[in-house]
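A quick write-up on the structure given underneath.
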Protein chains: 2
Amino acid sequence: MTSTEPQATPPARRRGRRPAGEDTRSALLAAAGEVFVEQGYDGATVRAIATRAGVDAAMVNHWFGGKEGLFAKAVLQLPFDPQQTVAALLAGDRADLAERIVRTFLTIWDTNEGGRFTALVRSMTSHDAAAQALRNFFQHMIFERIIGQLGIDQSDLRASLCASQLLGLGLVRYVLRFEPLASSDVDTVVAAIAPTLQRYLTEPIAPAAG
Amino acid sequence: MTSTEPQATPPARRRGRRPAGEDTRSALLAAAGEVFVEQGYDGATVRAIATRAGVDAAMVNHWFGGKEGLFAKAVLQLPFDPQQTVAALLAGDRADLAERIVRTFLTIWDTNEGGRFTALVRSMTSHDAAAQALRNFFQHMIFERIIGQLGIDQSDLRASLCASQLLGLGLVRYVLRFEPLASSDVDTVVAAIAPTLQRYLTEPIAPAAG
DNA sequence: GACTGCTTTCAACGCCCGATGAACAACAGG
DNA sequence: CCTGTTGTTCATCGGGCGTTGAAAGCAGTC
């Protein structure tokens, strides 16, 4: 209530360009990654992301053209090269192939980079681009290529079976957090899931009276 | 401001009680079932449900107290008694137990009643009540009871593993519609998935080095 | 036939969303 | 210094959401 002094506005950040050095764009990307993981595409609001990044919501439009563009840059990008990953997975003994796959994805999924997958899974039921990205990744980029290299029948069916188990695992472990699977260590999960994948990859799966 | 003439309203549908016989409540329940299946909890709007039912959106509040109550009545109710289902599943040969489970759920899922599961799966990533209902159903009501009757170790882990594969299957087959798994006939899917469940139910799943 | 109560529609409220455009401040180049 | 450019905030827009209260009309009762 001190009337004579007009200088009572240091806390509120003033308008105009910031004093350089602070990177609004990457702050938004980081905040978007977190919020999309926690809330999914629909649940995450542009305002919440901007608040967490400490900037105005209009910056999302300025830097990314809108919410959709931010999602594409923050979530819809692969954290690694799928072709190279597939090659690395196929490099070892085929008896351990499924184990390597499960371990690889659990490891990725547990890192910060793997948060993208959680964000995708959380968004897939409401956001078409997320669902399409998941299908394209798991089914076409990973499992069809692996199974194609194995030279075995019913490659498409096998790919969607593998995708169903791996997506179900990600869903239960990272999104719905069913216990004890959500807290089990990697070795336990690998021991449990890998034989399933190994069977989907290489063993007969036809119905009895095909 | 009110310069325009108050023209006589064209009688689209008049106000007031309808000529009896038409059941607004069940029309809303049916429409809600459809829309929740197609859109999930967040995507489905009260207005869209009411429009499909051919009534006013306010009826949702009048008959169900709100969107949440309508969801509870239309989706969050089991179309059968789980205890009885578990008993029926356990009645036969244990070697075929997993096959019976997969076949039972595929059959239910393919009927109209099974649309509730699709609605739950579509809603689980954004709506807590849906996620909780799925966990309660698959993990506690079905698999923990079955595995408990089998008298085997790690029953909780086994239950969440079974849930992961069955939820992944439902997701891929009914929501994301990955081909060819989405269009495969029941026998093919049973032949592919049942051995996985059988292993989760009864065979050793511990990691190599304890 | 009037009264009473239930059902239904209508109009509107308050809220939050994503997006827009203008005002403004810091920088870069001369 | 002055000038143009670019990054930033602010105020606001248009729209959709779930919900609400009141008016309107049918149905049953006396």
Side-chain angles (χ1 to χ4, degrees), chain A residues 7 9-29 31-32 35-36 38-75 123 126-127 129, chain B residues 1-2 4 6-29 31-32 35-36 39-75 123 126-127 129:
Chain A
Q7 185 200 357
T9 57
R13 195 185 290 121
R14 294 180 308 178
R15 219 180 257 183
R17 191 170 183 170
R18 282 208 271 171
E22 315 183 36
D23 194 340
T24 297
R25 206 186 118 99
S26 44
L28 273 175
L29 276 176
V35 179
F36 280 132
E38 296 164 11
Q39 311 281 348
Y41 183 84
D42 280 356
T45 70
V46 169
R47 286 172 160 90
I49 294 170
T51 298
R52 186 170 307 198
V55 299
D56 190 88
M59 303 315 295
V60 170
N61 271 313
H62 184 254
W63 287 107
F64 302 97
K67 184 184 184 180
E68 188 68 40
L70 178 56
F71 186 76
K73 289 291 182 189
V75 175
S123 308
S126 64
H127 194 55
Chain B
M1 313 288 184
T2 66
T4 55
Q7 187 170 350
T9 56
R13 187 190 284 122
R14 292 181 308 179
R15 220 180 256 186
R17 190 171 182 170
R18 282 207 272 173
E22 313 184 36
D23 194 339
T24 297
R25 206 187 117 99
S26 45
L28 273 174
L29 276 176
V35 179
F36 280 132
Q39 310 282 347
Y41 184 84
D42 280 356
T45 70
V46 169
R47 287 172 160 91
I49 294 169
T51 299
R52 186 170 306 198
V55 300
D56 189 88
M59 302 313 294
V60 171
N61 270 305
H62 185 253
W63 287 107
F64 302 96
K67 184 184 185 181
E68 188 67 41
L70 177 56
F71 186 76
K73 289 291 182 189
V75 176
S123 308
S126 63
H127 193 54

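Only this structure's heavy atoms are used, side chains among them; waters, hydrogens and symmetry mates stay out. Protein chains get the first letters and strands the later ones, always in sequence-line order, with residue 1 at the start of each.
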N/O donor to acceptor pairs below 3.5 angstrom from side-chain atoms of residues 56-65 of chain A, sequence neighbours left out:
| residue | atom | partner | partner atom | Å |
| --- | --- | --- | --- | --- |
| A:Asp56 | OD2 | A:Ala58 | N | 2.8 |
| A:Asn61 | OD1 | A:Gly66 | N | 3.4 |

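Nearest heavy atoms, B:Leu70 versus B:Leu28: CD1-O, 4.3 Å. The minimum heavy-atom distance linking A:Glu68 with A:Ala129 is given by the pair OE2-CB, 4.2 Å. Closest non-hydrogen pair, A:Ala44 versus A:Gln39, comes out as N-CB, 3.5 Å.
Summarising the geometry, the separation between CG on B:Asn61 and P on D:dA22 is reported as 15 Å, rounded to the nearest angstrom. If you measure from atom CG of A:Asp56 to atom P of C:dC24, you get 16 Å, rounded to the nearest angstrom. Between B:Arg47 atom CZ and C:dC13 atom P there is a gap of 14 Å when expressed in whole angstrom units. The separation between A:Leu28 atom CG and D:dT9 atom C1' is 13 Å, rounded to whole Å. For the pair B:Arg25 CZ and C:dC6 C1', the interatomic distance rounds to 15 Å; values are reported in whole Å. Atom CZ in A:Phe64 sits roughly 14 Å away from atom C1' in D:dG7 (whole-Å rounding). The interatomic distance linking A:Tyr41 (OH) with C:dG18 (C1') rounds to 9 Å, in whole Å. Taking atom CE on B:Met59 and atom C1' on D:dT19, their separation rounds to 14 Å, with Å as the unit.
Checking A:His62 against A:Ala58, the closest nucleotide of DNA chain D that is more toward the 5' end is the one next to A:His62.
Listed nucleotides D:dG7, D:dC17, C:dG18 differ in distance to A:Trp63; the shortest reach to its side chain belongs to D:dG7.
Within residues 66-75 of chain B, no residue has any heavy atom under 4.0 Å from DNA chain C.
Across all strands shown, B:Ala50 has no heavy atoms under 4.0 Å from either base or sugar-phosphate atoms.
Here the OH atom belonging to B:Tyr41 is positioned 5.0 Å from the NZ atom belonging to B:Lys67, to the nearest 0.5 angstrom. The CG atom of A:Asp42 sits 8.0 Å away from atom NE2 of A:His127, with the distance rounded to the nearest 0.5 Å.
In this structure, B:Phe36 and B:Phe71 have perpendicular ring planes: the angle between them is above 60°, well past the 30° mark.
For the OP1/OP2 pair of C:dT8 and a distance below 4.0 Å, the side-chain nitrogens and oxygens of B:Thr24 include at least one atom meeting the criterion.
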